[in-house]
Amino acid sequence: MKNALVISGGGSKGAFSVGVVKDLMNIYQLDFDVLVGTSTGALIVPLAALGELEKLEQLYTSVTDEQILVKYNIGKRLNAHSIFTAGPLSDKIDALYTDDYFKRLQQSGKEVYLTTTCLQTEDLVVFTTAQNPVESSYYKVRKIVSPDQFRRAILASSSQPVFMPPVKVNKTVPGEAFPEHQFVDGGVREYAGLGIATDAGAQEIFTIIHSAQNIKQDHAEQTSLFGILEKAIAIFITDVGANDLYGPLHYNRGLSYISKVKAKMKSLGVNNADIEAYFNVDHVPGAYQNKEPLKIHLIQPQDDLGGGPGGLVFNPTEMKGMVLKGQLALQSYVAHLNKDEIDWV
């Protein structure tokens, strides 16, 4: 059975995921076959794939704003690609994800999926290390062919549009038809890639998202252009995240319902052949036929993690607190599980 790890966007809030992943792998000895990352999640999952947890924690508890972004006054950037530039982040990605690291990741057999959005085609484009990725009608799949493309895909997935510049992921790919196409944060189209993990064949999915369950309303008047932009993007991200979760969770509830109905029919004496005949309708083919319910684990903070709008404030002390909040959130989640149905606890 394939296990998947799915991590949403959130900038510095990714420290919460680091706390969750650290304990999932260290305490519960979990290993993941499929790893899907969006934005900050795209920075995390390649390190998690090879168990580089110390590097991961160091990255998310030591960096400062200056080590990720170069920030400018918005008034001086109206004709530029973005308000900020991301040279320091690009340098960190180059240092972490060397050619050797990419080679080891390929040899590991781990399927890493990095979500991006193409500005020219408006497609959700998923770059992957998987040898035989499944095609989808919802998103485009691109197999990563070089270490440089891999690093560019991570940077593109992490690049929040307007705040950070778009990235030409395929610029150095030989024979590329559109090398000048620009890619930005996959969260524009897909905040949490549950559906991608399902398409990859995962049957147990650990999903970590950084938006708070309890949304704290701020009644203060927004008086600056920058403040309004930050607030609007925060609202957009919350909405995209809710939609991304609704579909897969609703689908899984349908599968669970069918499974329980089948079990009840069997308890009433209906044999398996007849039960399957009732649920296989030839002229109405559907995604529910011959499917088993997925095991979906959703770990999410109760309250806002901080980190500023979009997680673009990198404060080491605050991020260390987020790591701890991730660990506590996982403990709380595990405490409420039905231990008879879970084999990893």
Side-chain angles (χ1 to χ4, degrees), residues 7-14 17-18 35-49 52 55-56 59-60 63-72 77 80-102 105-106 112-121 123-129 139-173 176 178-191 193 233 237 310-312 314:
I7 300 180
S8 78
S12 60
K13 301 175 197 288
S17 281
V18 172
L35 302 97
V36 184
T38 296
S39 196
T40 196
L43 275 168
I44 295 171
V45 295
L47 282 173
E52 299 279 4
K55 283 186 180 179
L56 194 53
L59 176 66
Y60 275 86
V63 295
T64 60
D65 289 3
E66 298 78 24
Q67 294 172 307
I68 299 295
L69 302 169
V70 178
K71 296 187 176 183
Y72 300 93
R77 301 286 295 178
H81 283 105
S82 59
I83 299 171
F84 309 143
T85 56
L89 174 60
S90 180
D91 291 342
K92 281 207 168 289
I93 290 171
D94 289 348
L96 281 170
Y97 297 117
T98 61
D99 290 9
D100 178 67
Y101 196 92
F102 177 68
L105 185 59
Q106 284 188 310
V112 171
Y113 295 81
L114 310 170
T115 71
T116 69
T117 304
C118 180
L119 292 181
Q120 281 69 36
T121 66
D123 289 323
L124 172 64
V125 181
V126 181
F127 290 90
T128 181
T129 62
Y139 54 87
K140 305 296 183 184
V141 179
R142 289 291 302 264
K143 188 174 177 181
I144 299 171
V145 299
S146 71
D148 181 69
Q149 187 191 27
F150 175 59
R151 290 186 285 266
R152 287 173 180 265
I154 295 173
L155 181 61
S157 185
S158 306
S159 295
Q160 295 186 28
V162 179
F163 293 106
M164 300 165 71
V167 179
K168 296 176 182 178
V169 176
N170 301 315
K171 188 174 182 178
T172 60
V173 176
E176 172 61 34
F178 301 101
E180 300 304 312
H181 276 187
Q182 299 162 296
F183 297 83
V184 296
D185 193 336
V188 173
R189 293 289 306 272
E190 188 83 357
Y191 178 66
I233 290 177
I237 289 172
L312 291 178
F314 295 84

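Atom set for the values below is all heavy atoms of this structure, side chains included, hydrogens, waters and symmetry mates excluded. Positions are given from 1 along the sequence.
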How about [X] and [Y]: do any of their side-chain heavy atoms sit closer than 4.5 Å?
| X | Y | value |
| --- | --- | --- |
| Ile68 | Pro88 | no |
| Gln149 | Phe127 | yes |
| Leu43 | Lys92 | no |
| Leu89 | Met164 | yes |
| Thr115 | Arg189 | no |

If I compare all heavy atoms of [X] with all of [Y], which pair ends up nearest, and what's the gap?
| X | Y | value |
| --- | --- | --- |
| Gly9 | Ser39 | CA-CB, 3.6 Å |
| Ala42 | Ile154 | O-CG2, 3.8 Å |
| Leu119 | Pro166 | CD1-CB, 3.9 Å |
| Val188 | Pro161 | CG2-CG, 3.7 Å |
| Pro147 | Asp99 | CB-OD1, 3.3 Å |
| Asp185 | Gln160 | OD2-CG, 3.5 Å |

[X] [atom1] to [Y] [atom2] distance, which is reported to the nearest 0.5 Å:
| X | Y | atom1 | atom2 | value |
| --- | --- | --- | --- | --- |
| Ile44 | Leu59 | CD1 | CG | 8.0 Å |
| Thr85 | Phe163 | OG1 | CZ | 14.0 Å |
| Arg152 | Asp94 | CZ | CG | 9.0 Å |

Taking the side chain from [X] and the backbone from [Y], do they hold a donor-acceptor pair closer than 3.5 Å?
| X | Y | answer |
| --- | --- | --- |
| Ser159 | Leu155 | yes |
| Thr128 | Val112 | yes |
| Ser157 | Thr116 | no |
| Thr38 | Ser8 | no |

query = Salt bridge or not for Glu176 and Lys168, using N-O below 4.0 Å?
reply =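 Lys168 and Glu176: not salt-bridged.
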
ask   = When Ile144 is tested against each of Leu105, Val173, Leu114 for side chain to side chain contact (heavy atoms under 4.5 Å, CB included), which residue passes?
value =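 Result: among Leu105, Val173, Leu114, Leu114 is the only option passing the side chain to side chain contact (heavy atoms under 4.5 Å, CB included) with Ile144.
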
key: For Cys118, the option from Val125, Asn170, Val169, Val184 that meets side chain to side chain contact (heavy atoms under 4.5 Å, CB included)   =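 It is Val125, the one option of Val125, Asn170, Val169, Val184 that forms the side chain to side chain contact (heavy atoms under 4.5 Å, CB included) with Cys118.
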
query = Where do Tyr60 and Thr40 land on the side-chain hydrogen bond (donor to acceptor under 3.5 Å, both in side chains) test, with the steps shown first?
reply = CA-CA 10 Å; Tyr60 275 86; Thr40 196; 2.5 Å; yes

key: Pairing residues for Asp91 by the side chain to side chain contact (heavy atoms under 4.5 Å, CB included) criterion, not counting sequence neighbours   =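 For Asp91, no residue satisfies side chain to side chain contact (heavy atoms under 4.5 Å, CB included) once neighbours in sequence are set aside.
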
ask   = So, for Tyr101 and Phe150, is the gap between ring centers shorter than 6.0 Å?
value =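 Centroid distance Tyr101-Phe150: not below 6.0 Å, so no.
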
